[in-house]
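Treat the numbers as computed from the prediction; the structure is a model and nothing was measured. The residues of the chain are indexed from 1 along the displayed sequence.
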Amino acid sequence: MFNRRQMLFGAAGAMALTAAPRALAQGTAPQAEQRLNTMLEAFYQEALDARPELVTRLGLDTGARAAAKSQLSPASAEAMARDRARTADQLARLETLPREELTGLAAVNYDAVHYGLATRAASNRLFAYGGDGPGSPYVLSQLNGAYQDVPDFLGSQHVIETRADAEAYLARLEAFATVLDQETELARAEAAMGVIPPDFVIERALTQMNGLKTAPADSPLVTSVAERARARGLEGDFAAAASAIYTDKVAPALDRQIALLSSWAPQAVHEAGCWRLPDGEAFYEHSLRASTTTTLSAEEVHQLGLEQARELSARAEVILQAQGYTQGSVGERIAALFKDPQYHYPNTDAGKVELIESLNVMTEAMAKRLPDYFGTLPQAPVEVRRVPSFIEAGAPGGYYNQPTLDGSRPGIFWINLRDTAENPTWTLPTLTYHEALPGHHMQLALQQEADLPMIRRATFISAYGEGWALYAEELAKEMGVYEDNPLGELGYLQAALFRAARLVVDTGLHAKRWSREQAIETMSSIDGSPISSSTTEIERYAVWPAQACSYMVGKLTWLRLRDKARQALGPRFDMAAFHDAGLLSGAMPLTVLEAVIDNHIAARRA
């Protein structure tokens with residue numbers, strides 16, 4: 001999973017988009033394109049002005065933007081109103097441009113940015129909750145909130161090389177307390193609208209919040225700056241300074257947030273779906289179109305999931321039979337393999353270090369295969385690291401952070417090792433191919449290095465990006481990585497079953513009004529994953545409606561467009577050229593991707 005919090009537009013919504021660009025009168029393109037590029041650069045600078053965390057993630061918090069390193073994005077109602085107003089203003093400005101005068105990549109740039117802005121603006125018009133654009137309906141949950149994001153951000157993204165960097169960390173730590181209180185008030189206001197998370201979400205969030213509360217000397221918020229400053233030989237007692245901020249400001253603000261969630265617990269309901277929220281059915285319909293960038297209905301997505309599950313189960317059956325696993329359903333046999341200790345790394349610090357090392361070796365081996373399948377390769381390296389232990393309870397099984405623009409930090413695949421039994425050895429190759437190479441790192445590093453407006457280099461669209469990462473799992477199989485590893489191939493099929501199950505259970509929760517328990521049982525029955533893993537996943541879908549549907553819909557679109565190009569071009573089809581055409585144009589809605597591949601086909605035919 002790509003960490004949506006680090007990029008622009010995140011999981012956005014679907015609007016009607018243009019198809020292939022129109023023909024253009026000679027001489028008009030440069031002027032229209034120049035106006036577009038100027039406007040997109042302005043949008044990008046406005047985003048940096050509003051989001052200091054993005055400035056840091058991109059490695060731009062120096063020089064003229066050094067002040068950003070001491071700041072966090074505000075989370076007040078006023079800040080939210082400014083975000084929504086900026087979205088509406090940027091959309092209005094963009095729509096003053098003559099779209100019909102744009103062709104080629106300029107048209108793709110317009111359509112992709114218009115899509116993100118129009119989707120967010122539509123969401124803002126339709127719903128009073130949910131932030132700026134479609135996403136989670138809840139300000140606070142086990143996945144949402146500064147309490148969840150900021151400690152990880154400060155520990156993994158805020159670089160400390162100088163005394164000024166360490167002082168900027170302290171300023172951000174103080175700002176963290178302010179943001180906590182702002183989110184508490186936002187959440188209180190949304191609760192007054194009837195937007196309160198389910199009881200199990202409150203319970204999980206409270207567990208994590210209370211876990212963040214420790215003695216200052218044990219808090220990663222304190223030890224991170226103290227240890228890194230000491231390692232750099234920086235003068236000053238940063239441990240004492242951070243401890244004082246933590247004790248006097250952060251801990252009390254966290255207590256106030258805990259008190260609010262605790263006050264909700266007696267009245268919270270157990271229903272998991274967003275259908276129970278104000279305009280909840282419409283919220284899910286909009287979110288589904290947003291995540292898939294299609295007009296598929298919930299019922300169509302549900303049936304697609306069931307169809308994929310049947311097909312993939314049949315393929316898994318063949319491997320299971322050949323390996324001597326013959327008793328029980330496919331899901332039951334996969335579940336038994338998950339539990340088999342011979343496939344588990346020791347659940348110790350040493351075992352977890354060994355696991356990480358094996359994945360880095362796997363990634364290096366995959367990198368050597370890439371030139372046969374891609375014309376352009378990313379310059380930025382990628383590493384595998386462990387999810388920080390203090391957020392692992394509610395964090396996904398794996399996610400990716402993109403590299404900085406200046407190359408000072410590589411792309412990072414973070415794997416959750418709260419329990420190594422959740423990651424048997426036969427599942428690890430596919431997870432690594434999804435998150436690192438040829439998955440998220442390939443797509444996002446190439447996008448960041450491509451000749452695109454900066455706002456497009458920093459944009460993520462779930463159906464495109466998660467669809468690519470899931471397509472990359474299929475591509476790895478086609479490369480022959482499982483020729484001598486049938487259980488590894490089963491891991492690839494189980495991962496695909498997992499994404500098929502998502503279509504079934506996400507629509508089940510939010511459109512068919514399934515219970516949390518029914519969704520958990522259904523997911524484990526389809527993909528064989530442990531109940532603990534299915535529980536984490538279902539609780540994720542409960543607070544992030546429809547996003548999980550983007551993976552399989554996106555993958556099937558990438559595969560369909562590849563087949564389309566192969567059939568249209570015959571001997572002229574080139575896999576590397578197809579991949580370059582789809583990746584170097586950056587993230588885009590699937591309808592725009594189709595237009596890009598159509599143009600690629602026409603160019604190869606010429």
> Are Tyr541 and Met523 side-chain neighbours, meaning at least one heavy-atom pair lies under 4.5 Å?
Replying inline: yes
>> Tell me whether Glu46 is salt-bridged to Arg51, with the criterion being a basic N under 4.0 Å from an acidic carboxylate O.
In response: no
> Is any NZ, NE, NH1 or NH2 atom of the basic residue among Glu271 and Arg513 found under 4.0 Å from an Asp or Glu carboxylate oxygen of the other?
Replying inline: no
> Parallel, tilted or perpendicular: which fits the ring planes of Phe283 and Tyr129, with parallel below 30° and perpendicular above 60°?
Replying inline: parallel
> Less than 6.0 Å separating the ring centroids of His158 and Phe153?
Replying inline: no
>> Check this for me: does any side-chain nitrogen of one of Arg163 and Glu235 sit under 4.0 Å from a carboxylate oxygen of the other?
In response: no
> Quick one: side-chain hydrogen bond (donor to acceptor under 3.5 Å, both in side chains) partners of Arg386, sequence neighbours excluded?
Replying inline: none
> Checking Arg502 against Phe498: charged group under 6.0 Å from the ring centre and within 45 degrees of the axis?
Replying inline: yes
> Does a side-chain N-to-carboxylate-O contact under 4.0 Å join Glu78 and Arg82?
Replying inline: no
> Is any NZ, NE, NH1 or NH2 atom of the basic residue among Asp83 and Arg86 found under 4.0 Å from an Asp or Glu carboxylate oxygen of the other?
Replying inline: yes
> So how far is it from Leu428 CG to Leu359 CG, rounded to the nearest 0.5 Å?
Replying inline: 5.0 Å
> Taking it one step at a time, do Ser291 and Ser462 satisfy side chain to side chain donor-acceptor pair (under 3.5 Å)?
Replying inline: CA-CA 6 Å; Ser291 289; Ser462 189; 5.5 Å; no
>> I'd like to know whether CD of Glu449 has more than 12 heavy-atom contacts from other residues, nucleotides or ligands below 6.0 angstrom.
In response: yes
> So Gln157 and Arg409, side chain to side chain donor-acceptor pair (under 3.5 Å) or not? Walk me through it.
Replying inline: CA-CA 9 Å; Gln157 303 290 315; Arg409 186 178 64 248; 2.7 Å; yes
> Do Thr292 and Ser550 pass the side chain to side chain donor-acceptor pair (under 3.5 Å) test, and can you show the C-alpha distance, the side-chain angles, and the key distance before you say yes or no?
Replying inline: CA-CA 5 Å; Thr292 65; Ser550 63; over 6 Å; no
> Looking at Arg120 and Asp132, does any basic side-chain N land under 4.0 Å from a carboxylate oxygen?
Replying inline: yes
>> Test of understanding: with side-chain contact (heavy atoms from CB on, under 4.5 Å), list the residues that count as partners of Pro52, not counting sequence neighbours.
In response: Ala68, Gln71, Ser73, Arg172
>> Any salt bridge linking Asp165 with Arg228? Criterion: basic side-chain nitrogen under 4.0 Å from a carboxylate oxygen.
In response: no
> Within 45° of the six-membered ring axis of Phe238 and under 6.0 Å from that ring's centre, is NZ or CZ of Arg230 located there?
Replying inline: no
> Are the aromatic rings of His441 and Phe413 close, with centres under 6.0 Å apart?
Replying inline: no
